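The shown structure was predicted, so the numbers you read here are calculated from the model rather than taken from an experiment.
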Amino acid sequence: MFTDKSTQILYPKEEVPSHDVVDIVQTNIFNVMLNRRSQRKFENKKVEEWKLEMIFAAADTAPTAGGFQGFEIYHIKNEGSKKKLVEAANNQPYVNAPVVLGFCMNPKRVKLNFPPETIRKFSQQDATLAAAYSQLAAHALGLSSIWIGMLDENKLMEILRTDLSPSSILCLGYPVKMLVPKPKRNLKDLIHEI
């Protein structure tokens, strides 16, 4: 992501219709959060590179422990690897989506003086926040997503060819249809004052 000095808005590296970028950058975050829903059916349509750049830039802005960004993102493009991911994710077929991102913990990046279990927790939180920011950015860009947390860590690490522990898989694409928001808990039942 780069900043246009004359307008002070963010934009991707390649040429994109300016009205698209302005609309996206000025999207109301509350509207995005309120309307985002998990989507398991995607169109067989390629996601534009500039949208992927914006999603990765959103992950890059997520808050992290000490600002050390204790996570890595794996963009799984290989079709064979995507098919293996289905098995690693408890045979959930929608894991083979147009865009598949694996978020892994990288505690070695977190240079803080805490016990290893605390550093690992920080790294897990970093990876989770990066995935959440990516998910919200995807929705703001007109995409849908499904968060996969049920996964065989060892199989996923083998597919990704890494020794880093995965925290989640995020599957993205254009939705077959946009889903309507489901009712959530009443805030008075969610918030506990002490």
**Student:** First locate atom SG of Cys104, then atom CD of Glu153, and finally report the distance between them rounded to the nearest 0.5 Å.
**Tutor:**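 That separation rounds to 9.0 Å.
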
**Student:** For the pair Thr118 (side chain) and Phe114 (backbone), establish whether a donor and an acceptor sit closer than 3.5 Å, ignoring hydrogens and angles.
**Tutor:**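 No, because the side chain of Thr118 does not come within donor-acceptor range (under 3.5 Å) of the backbone of Phe114.
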
**Student:** Using atom types as modelled and distance alone, determine if a side-chain donor or acceptor of Thr162 lies under 3.5 Å from a backbone N or O of Met157.
**Tutor:**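 It does not hold such a pair.
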
**Student:** Are Leu112 and Ile119 packed together at the side-chain level, in the sense that at least one heavy-atom pair is separated by less than 4.5 angstrom?
**Tutor:**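 Answer yes - side chains close enough.
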
**Student:** Nearest heavy-atom pair of Ser134 and Ala59: which atoms, and what distance?
**Tutor:**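 Minimum heavy-atom contact is OG-CB, 3.3 Å.
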
**Student:** Taking all non-hydrogen atoms of both residues into account, name the closest pair between Asp152 and Lys155 and its distance.
**Tutor:**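 Smallest heavy-atom distance, with atoms named: OD1-N, 3.0 Å.
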
**Student:** Would you say Glu87 has more than 12 foreign heavy atoms packed within less than 6.0 Å of its CD?
**Tutor:**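 For Glu87, atom CD is not crowded (no more than 12 foreign heavy atoms under 6.0 Å).
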
**Student:** From His75 NE2 over to Ile55 CD1, what is the distance, rounded to the nearest 0.5 angstrom?
**Tutor:**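 The NE2 atom of His75 sits 9.0 Å away from the CD1 atom of Ile55.
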
**Student:** Identify the two heavy atoms, one from Lys46 and one from Glu49, that lie closest to each other, and give their separation to 0.1 Å.
**Tutor:**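 Here Lys46 and Glu49 meet closest at NZ-OE2, 3.9 Å.
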
**Student:** Could you check whether any side-chain N or O of Asn78 sits under 3.5 Å from a backbone N or O of Ser81, counting only pairs where one atom can act as donor and the other as acceptor?
**Tutor:**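 Yes; judged by distance alone, with no hydrogens or angles, the pair exists.
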
**Student:** Would you call Val110 and Arg120 a side-chain contact if the rule is heavy atoms closer than 4.5 Å?
**Tutor:**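 No, side chains not in contact.
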
**Student:** Does the Lys51 side chain pair with the main chain of Leu141, one donor and one acceptor, at a distance under 3.5 Å?
**Tutor:**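 Checking the backbone N and O of Leu141 against the side chain of Lys51, a donor-acceptor pair under 3.5 Å is found.
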
**Student:** Would a 4.5 Å heavy-atom cut-off, applied to side chains only, mark Leu170 and Val99 as touching?
**Tutor:**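 No; the side chains remain at least 4.5 Å from each other.
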
**Student:** Phe122, Leu129: one ILVMFWY side-chain cluster at the under-4.5 Å cut-off?
**Tutor:**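 No, separate clusters.
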
**Student:** Closer than 3.5 angstrom, by distance alone: can the side chain of Lys188 be matched with the main-chain N or O of Arg185 as a donor-acceptor pair?
**Tutor:**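 Looks like no, no N/O pair under 3.5 Å.
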
**Student:** Rounded to the nearest 0.5 Å, what separation is found between the CG atom of Asn91 and the CE atom of Met150?
**Tutor:**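 The distance works out to 11.0 Å.
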
**Student:** From Asp60 CG over to Phe56 CZ, what is the distance, rounded to the nearest 0.5 angstrom?
**Tutor:**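 Taking CG in Asp60 and CZ in Phe56, the distance rounds to 11.5 Å.
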
**Student:** Between the side chains of Asn106 and Gln69, is a donor N or O closer than 3.5 angstrom to an acceptor N or O?
**Tutor:**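 Gln69 and Asn106 do not have a side-chain donor-acceptor pair below 3.5 Å.
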
**Student:** Would you compute the distance between atom CE of Met105 and atom OG of Ser165 and round it to the nearest 0.5 angstrom?
**Tutor:**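 The CE atom of Met105 sits 4.5 Å away from the OG atom of Ser165.
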
**Student:** Can a side-chain donor-acceptor contact be found between Gln135 and Ser145 if the only test is distance below 3.5 angstrom?
**Tutor:**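 Yes.
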
**Student:** Of all heavy-atom pairs between Pro107 and Ser123, which one has the smallest distance, and what is that distance?
**Tutor:**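 Answer, listing the atom of Pro107 first, then Ser123: N-OG, 3.3 Å.
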
**Student:** Tyr174 and Val176: same hydrophobic cluster, using ILVMFWY side-chain contacts below 4.5 Å?
**Tutor:**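 No; Val176 is not reachable from Tyr174 via cluster members.
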
**Student:** For Asp126 and Ala65, which heavy atoms make the closest approach, and how far apart are they?
**Tutor:**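 It is OD1-N, 2.9 Å.
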
**Student:** Is there a side-chain contact between Glu72 and Arg109, using heavy atoms and a 4.5 Å cut-off?
**Tutor:**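 Side-chain contact under 4.5 Å: yes.
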
**Student:** Hey, is CG on Asn44 packed in by over 12 heavy atoms from elsewhere, all under 6.0 Å?
**Tutor:**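 No, because the 6.0 Å sphere around CG of Asn44 holds 12 heavy atoms or fewer from other groups.
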
**Student:** Closer than 3.5 angstrom, by distance alone: can the side chain of Lys82 be matched with the main-chain N or O of Lys77 as a donor-acceptor pair?
**Tutor:**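 No, Lys82 side chain to Lys77 backbone: no donor-acceptor pair under 3.5 Å.
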
**Student:** So, does Gln92 use its side chain to make a donor-acceptor pair with the main chain of Ala89 at under 3.5 Å?
**Tutor:**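 Yes, the answer is positive, given that a donor and an acceptor are paired below the 3.5 Å cut-off.
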
**Student:** Remaining members of Val95's ILVMFWY cluster at a side-chain heavy-atom cut-off under 4.5 Å?
**Tutor:**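 Besides Val95, the hydrophobic cluster comprises Phe42, Tyr74, Ile76, Leu85, Val86, Tyr94, Val100, Ile146, Ile148, Leu151, Leu156, Ile159, Leu160, Leu164, Ile169, listed by chain and residue number.
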
**Student:** At what distance, to the nearest 0.5 angstrom, does CZ of Phe103 lie from OG of Ser168?
**Tutor:**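 Here the interatomic distance stands at 6.0 Å.
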
